[in-house]
Amino acid sequence: MAMVGLFWIAGSDVYVGAKPSGLAPGVRLTPEGVVALGDGQAGLHLWEDVRALTVADVPVKSLKRQAGAVKDLALGMVLDVALCGGVGLTGEEPPMMTVCVESADGEHELSAYVAAAVGYSQTEADLSRTLLSRLTAGAATMATTLAAMSEWGRAWEGGSPRRAEREALLRGWVG
């Protein structure tokens, strides 16, 4: 499993945002269409009906955001130790992004958890948005782009690549 831009790639599966588990919300991109996952947003939006695919509420990395994440982590650890390993009081859920699917029958707002703890670089966010737009450019473009992402996911071993490699991958998939 690896994060590349706004995408979480697990084997041949491609998600926008973090891969959901259980009833958590998420958005999966398949050769058939955009799949809404989780409690209250199940459904499939076929690619032939999708006119636009955008993402809002994307947290962008900043020094302030990084410092806040370190502070939250430290506070959580202190509270866990103070409570003898009990449930921490800082058990906040990660932030959410809104994936907007525009289709013939209207606009659909789907939710997905952010996968990057301190946000995404501006470059990765911009390249990811361009890639999402590319997926709606036509069936052949969508199929080859998703196939390339899935192929990379099946071949990749380890965690998320470093920022420069993530950006290079996104540029390659954008074409």
Nearest 0.5 Å, please: how far is [atom2] in [Y] from [atom1] in [X]?
| X | Y | atom1 | atom2 | value |
| --- | --- | --- | --- | --- |
| Ser21 | Leu37 | OG | CG | 11.0 Å |
| Lys61 | Gln122 | NZ | CD | 12.0 Å |
| Thr145 | Leu135 | OG1 | CG | 5.5 Å |
| Trp152 | Ile9 | CH2 | CD1 | 5.0 Å |

Side-chain (Thr130) to main-chain (Asp126) donor-acceptor, under 3.5 angstrom: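 At least one qualifying donor-acceptor pair exists.
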Side chains of residues 159-175: which donor-acceptor pairs under 3.5 Å do they make with residues two or more places apart or in other chains?
from	atom 1	to	atom 2	distance (Å)
Ser160	OG	Met3	N	2.7
Arg163	NE	Glu167	OE2	3.0
Arg166	NE	Glu124	OE1	3.4
Arg166	NE	Glu124	OE2	2.7
Arg166	NH1	Pro161	O	2.7
Arg166	NH2	Glu124	OE1	3.0

Side chain proximity check, [X] to [Y], heavy atoms < 4.5 angstrom:
| X | Y | result |
| --- | --- | --- |
| Ser103 | Arg51 | no |
| Thr54 | Leu132 | no |
| Tyr120 | Leu6 | yes |

Over 12 non-hydrogen atoms of neighbours within 6.0 angstrom of CE in Met1: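 Counting other residues, nucleotides and ligands, CE of Met1 stays at 12 neighbours or fewer.
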Glu151, CD: over 12 other non-hydrogen atoms inside 6.0 angstrom: no
Taking all non-hydrogen atoms of both residues, which atom of [X] and which atom of [Y] are closest, and how far apart?
| X | Y | value |
| --- | --- | --- |
| Pro59 | Met97 | CD-CG, 4.3 Å |
| Thr141 | Thr144 | O-OG1, 3.2 Å |
| Pro20 | Gly26 | CG-CA, 3.8 Å |
| Trp8 | Gly17 | CB-O, 3.1 Å |

Anything under 3.5 Å between a donor and an acceptor, one on a side chain of residues 109-119, the other on a protein residue two or more places apart or in another chain? List them.
from	atom 1	to	atom 2	distance (Å)
Tyr113	OH	Glu93	OE1	2.8

Of all pairs that satisfy side chain to side chain donor-acceptor pair (under 3.5 Å), the ones with a partner from residues 34-48, not counting sequence neighbours: none
same_hphob_cluster(Trp156, Val4) at 4.5 Å side-chain heavy-atom cutoff: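 Linked within one cluster.
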Transitive ILVMFWY side-chain link Val101 to Met96, under 4.5 Å: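 No.
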Pairs meeting criterion ring pair (Phe, Tyr, Trp, His ring centres under 6.0 Å) with involvement of residues 123-148, two or more places apart: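 Output for this query is empty, none listed.
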Salt bridge (Lys or Arg N to Asp or Glu O under 4.0 Å) involving Arg154 - partner list, sequence neighbours excluded: none
Name of the residue among Val16, Leu131, Thr136 meeting side-chain contact (heavy atoms from CB on, under 4.5 Å) with Leu53: Thr136
Any pair counted as salt bridge (Lys or Arg N to Asp or Glu O under 4.0 Å), so long as it reaches residues 16-29, sequence neighbours left out: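 Output for this query lists Asp13-Arg28.
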